[in-house]
Amino acid sequence: MDWDNLRYFLELARSGTLMSAARRLEVDHTTVARRIQSLEKEVGAPLFSREAGGHRLTEAGRRLQPQVEAMESAFQAVESTAPASQEGLSGLVRIGATEGFGTVVLAPQLALFAAQHPKLTIDLLAMPRLVHLSRREADIVISLERPARGPVVVTKLTDYTLRLYASKQYLAAHKPIKTREDLRGHTFISYVDDLLFSKELQYLDELHRPDAFALRSTSVLAQHSAVVAGAGIAVLPAFIAEKDSALKPVLRGQANFTRTFWMSMPAETKHLVRMQAVWNFLREAAEAQQSLLLPQNAEKSEDPVRAPQRPARPRKQAL
């Protein structure tokens, strides 16, 4: 039985569509389809049912998957101990992250890291949605919520601060904001409620329900641009807004929020040298950016807005 056919089977089982599996395998989708057909002939049974939304495992496919995953783990264990694996990092590591964190914090750091390892390819999926580890959309996922289940390795990457911001132009043209009550009548910029990919993005429910929105967007970068243009007030990550001289915090010390980034990857890949290296680099990069992610408040307030109490940040640890 051809191992490559089994490898293609696993990718399709995990991703659910020919196109997604083809991207992961760096081949054309017709190649994936041909490999699956060949494997089904070898097995003597259909392994997938073709549906409108993609490919779903049949009973025969579900029985085969854990056996092929065991073969994959054995292969990866051999690969990681081979002499060639000690010569330098190589291969592909795909990282999924939230749009703002991935674009502003990770992209510059990962570009420098990849430049130091010419044989290593880094794909950064910086997207305004949840990147699914279970579907193998990425090898490492940085998310706002801790994965609740599955054979995954999970660690708390970092906390980060968000604040209420407006442009100097907007603040000069509108009534002063000294208390939360003063927020009434002001125009806000926020997320599209029914398209939120995480409950952790519901900041305004903790502070003030706006009367009007100038703009709602699934993109935090679009929200930032709208605030800079003077369109209204928004809760933005400090790592995006604090560097922008056009913006000022509103109710500093009273309208602060803390959220957490969690990092996860499949347990069966944790022994791979490239995965360990990227995982540890991401931890170090987050540690080095603490002053940007968690800037100190210039002023204190007796009535800050806080997220529910979270566990203390653990000490750095490698895989």
Side-chain angles (χ1 to χ4, degrees), residues 1-85 89-96 119-123 125 127 129-141 143 147-154 263-279 319:
M1 188 171 290
D2 190 334
W3 163 244
D4 278 337
N5 289 347
L6 294 169
R7 187 164 59 92
Y8 280 58
F9 162 79
L10 268 188
E11 288 299 340
L12 182 56
R14 288 164 174 167
S15 64
T17 68
L18 289 173
M19 294 301 296
S20 296
R23 282 195 298 269
R24 292 282 300 165
L25 293 161
E26 298 182 335
V27 297
D28 189 83
H29 73 279
T30 57
T31 303
V32 179
R34 188 170 62 252
R35 289 282 189 175
I36 296 303
Q37 289 172 2
S38 177
L39 180 60
E40 288 179 331
K41 288 180 181 178
E42 292 176 329
V43 173
L47 300 173
F48 295 92
S49 60
R50 283 70 172 174
E51 300 178 357
H55 284 60
R56 184 185 298 275
L57 285 170
T58 62
E59 181 61 31
R62 286 192 292 272
R63 288 198 304 269
L64 180 62
Q65 185 175 4
Q67 300 175 55
V68 181
E69 287 176 338
M71 294 173 65
E72 178 190 49
S73 296
F75 176 82
Q76 290 171 343
V78 172
E79 182 184 46
S80 67
T81 57
S85 68
L89 300 179
S90 63
L92 169 67
V93 178
R94 181 166 289 175
I95 302 164
K119 296 181 180 179
L120 181 69
T121 300
I122 299 289
D123 284 357
L125 310 184
M127 307 174 73
R129 68 168 179 83
L130 178 64
V131 178
H132 293 277
L133 195 66
S134 61
R135 298 177 190 169
R136 286 304 178 96
E137 292 181 336
D139 301 303
I140 296 174
V141 168
S143 59
R149 59 185 179 179
V152 297
V153 179
V154 183
M263 185 164 66
S264 58
M265 71 173 173
E268 71 265 19
T269 63
K270 70 177 182 179
H271 62 275
L272 295 179
V273 174
R274 67 180 182 274
M275 294 289 288
Q276 293 179 4
V278 174
W279 178 276
L319 280 177

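All of these numbers come straight from a predicted model, not from anything done at the bench.
- For the atom pair CD1 of Ile36 and CZ of Arg50, the computed distance is 8.0 Å after rounding to the nearest 0.5 Å.
- Inter-residue side-chain proximity for Lys119 and Leu89 is flagged as unmet; no heavy-atom pair is nearer than 4.5 Å.
- Looking only at side-chain heavy atoms (C-beta outward), Leu39 and Tyr8 stay at 4.5 Å or farther from each other.
- The closest donor-acceptor contact from the side chain of Ser90 to the backbone of Leu120 lies at 3.5 Å or more, if one exists at all.
- Taken to the nearest 0.5 Å, the CZ atom of Arg63 stands 9.5 Å off from the CG atom of Leu47.
- Between Asp139 and Met265, every side-chain heavy-atom pair lies at or beyond the 4.5 Å cut-off.
- No donor-acceptor pair under 3.5 Å is formed between the side chain of Ser20 and the backbone N or O of Thr17.
- In this structure, CG in Leu12 is found 7.5 Å from CG in Leu57, a value given to the nearest 0.5 Å.
- Taking CZ from Arg14 and CD from Gln65, the interatomic distance works out to 7.0 Å, rounded to the nearest 0.5 Å.
- Arg35 and Glu11 are not joined by a salt bridge, as no carboxylate oxygen comes within less than 4.0 angstrom of a charged side-chain nitrogen.
- Two residues are said to be in side-chain contact when any heavy atoms from C-beta on lie closer than 4.5 Å; Gln67 and Leu6 fail this criterion.
- Residue Arg56 qualifies as open at atom CZ: its count of foreign heavy atoms under 6.0 Å is 12 or below.
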